There are 2 protein chains.
Amino acid sequence: MVQHALLETAIDRFGRVGFEGASTRDIAHASGTAMSSITYHFGGKQGLYLAAADYIAAAMADRLTPALTMARTACEGTHEDATEALLQLLDNVAAVMMLPESATWSAFVVREQQNPTEAFDRLYAGVIQRVVDVFIALITRIRPDLPRREALATGLLLFGQALVLRVCRATVCRVLGTDTLDESTQTLLRARLRANALCILSETP
Amino acid sequence: MVQHALLETAIDRFGRVGFEGASTRDIAHASGTAMSSITYHFGGKQGLYLAAADYIAAAMADRLTPALTMARTACEGTHEDATEALLQLLDNVAAVMMLPESATWSAFVVREQQNPTEAFDRLYAGVIQRVVDVFIALITRIRPDLPRREALATGLLLFGQALVLRVCRATVCRVLGTDTLDESTQTLLRARLRANALCILSETP
DNA sequence: GTCTATACTACGATAGAC
DNA sequence: GTCTATCGTAGTATAGAC
């Protein structure tokens, strides 16, 4: 499938060097086809970029859908159910952040966060919003004492702890003295993230 | 000062569209000079890029030096001193993340985190390491019960909460329903960050 | 030190063969 | 559907005038 190969390569290149830095010639060549295939299948460089955003959103949503579904039912459950669901969801997000594939995804997404284009709307509608909504619903269930804006802020800050594992990967590795996040290091980070989140969620008002 | 203008423009362009996407012609023109000035002053595009990294490191270090100096002395102080110093330092980091200038800085730094080049070494030695070292020293003072790697992980995760305010700015704004982080929103976020950090640091072992 | 002029390469888009 | 060929533009680097 030429389209699939083009998308995979495009995400890598756009993530690595950005929209302006990536070249359609290079993307096509690395995908084993001619540059004009991009025009034919996606209408041009811009079309390929937007298709890449949709692809990333779908891939991330795929990895999080089971956790999101479980979390949504837990919103109606007990306080403990909701807490455990949020911890699980956050752990899932952290796991995605440590997937090798998410390196190119996150480079793409982070770029859009800083200079949002139409692609950001697609990413937001495709994954981000779904995760955010469940996050907020769970937090308001767990901490009904928090005003809405405080709950929103708490959700964002909780998410930041998972985010740093991907976005500051070079620093994380350097600080921990490893080249890559091996199994035991991942376990350590996820355990600390869980402990931190738990204590934030059970903070006495 | 032509060099200064070139650096300011370069950071903006490199941050916005990356090394490959930025054009020396454009940078020179926006700085009111000719492209060959870049060759003369920095030896070429690559030299300008490295100089931009040094410039960013120095600018960030500038903003954090007072807090870092105070924090270093607090490492020798009481448990409460150390806790307050860490909260202050983290608040300072969050404040930097909400500065308008840090938008271009962070775009540059985040890019280097994902695809480290020689510029990352300069950023790390220039700012990141200094902040990390003080973070870790304070945490080991506050939570001597934590094994070293747990303390390192805690420091990184704490930092992530400040990071998200800059790196996921588009999401932060969308979730909070604002276009920009106004004064009261910043206060809210910093207060929640402080509360979260305090409760992580005082977690009963 | 700062400019103009130029050499050379690579870019995205598109037309047309098959 | 996929290719090659080509057009116009823009990229970095460099040589040389002032």
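Just so we're clear, the structure is a prediction, and the values are computed from it rather than from any experiment. Proteins come first, then strands; the chains are lettered A, B, ... in the order of their sequence lines, and each starts at number 1. Both backbone and side-chain heavy atoms feed into the values below; hydrogens, waters and symmetry mates do not.
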Pairs involving residues 102-141 of chain B, ordered by first then second residue, that meet ring pair (Phe, Tyr, Trp, His ring centres under 6.0 Å) (sequence neighbours left out): Tyr49(B)-Phe108(B), Phe120(B)-Tyr124(B)

Where at least one partner belongs to residues 88-100 of chain A, residue pairs that pass side chain to side chain donor-acceptor pair (under 3.5 Å), sequence neighbours excluded: Glu84(A)-Gln88(A), Asp91(A)-Arg190(A)

Pairing residues for Arg141(B) by the salt bridge (Lys or Arg N to Asp or Glu O under 4.0 Å) criterion, not counting sequence neighbours: none

Using atom names, set out every protein N or O paired with an N or O of nucleotides 8-15 of chain D below 3.5 Å, distance rounded to 0.1 Å.
unit_1: dG11(D); atom_1: OP1; unit_2: Ser23(B); atom_2: OG; d: 3.1
unit_1: dG11(D); atom_1: N7; unit_2: Arg25(B); atom_2: NH2; d: 2.6
unit_1: dG11(D); atom_1: O6; unit_2: Arg25(B); atom_2: NH2; d: 3.2
unit_1: dT12(D); atom_1: OP1; unit_2: Ala22(B); atom_2: O; d: 3.4
unit_1: dT12(D); atom_1: OP1; unit_2: Thr24(B); atom_2: N; d: 2.8
unit_1: dT12(D); atom_1: OP1; unit_2: Lys45(B); atom_2: NZ; d: 3.2
unit_1: dT12(D); atom_1: OP2; unit_2: Thr24(B); atom_2: N; d: 2.7
unit_1: dT12(D); atom_1: OP2; unit_2: Thr24(B); atom_2: OG1; d: 2.4
unit_1: dT12(D); atom_1: OP2; unit_2: Arg25(B); atom_2: N; d: 3.4
unit_1: dT12(D); atom_1: O5'; unit_2: Thr24(B); atom_2: OG1; d: 3.4
unit_1: dT12(D); atom_1: O4; unit_2: Arg25(B); atom_2: NH2; d: 3.0
unit_1: dA13(D); atom_1: OP2; unit_2: Lys45(B); atom_2: N; d: 3.3

Those residues that, when tested against Asp133(A), pass side chain to side chain donor-acceptor pair (under 3.5 Å) (two or more places apart): none

Along DNA chain C, first and last positions that approach a heavy atom of chain B under 4.0 Å: dG1(C) to dT4(C)

Trace of the side-chain contact (heavy atoms from CB on, under 4.5 Å) decision for Leu7(A) with Leu48(A): CA-CA 7 Å; Leu7(A) 277 173; Leu48(A) 180 60; 4.2 Å; yes

For residues 39-46 of chain B, please give each side-chain donor-acceptor pair under 3.5 Å, one per line with the distance, not counting sequence neighbours.
unit_1: Lys45(B); atom_1: NZ; unit_2: Phe19(B); atom_2: O; d: 2.8
unit_1: Lys45(B); atom_1: NZ; unit_2: Ala22(B); atom_2: O; d: 2.9

Set of salt bridge (Lys or Arg N to Asp or Glu O under 4.0 Å) partners for Asp81(B), sequence neighbours left out: none

Nucleic acid contacts of residues 1-8 of chain A, taken as heavy-atom distances under 4.0 Å to DNA chain C: none

Within residues 140-162 of chain B or reaching into it, pairs that qualify as ring pair (Phe, Tyr, Trp, His ring centres under 6.0 Å) - sequence neighbours excluded: none

Those residues that, when tested against Arg16(B), pass side-chain contact (heavy atoms from CB on, under 4.5 Å) (two or more places apart): Asn115(A), Asp12(B)

For Arg148(A), all residues meeting side chain to side chain donor-acceptor pair (under 3.5 Å), sequence neighbours excluded: none

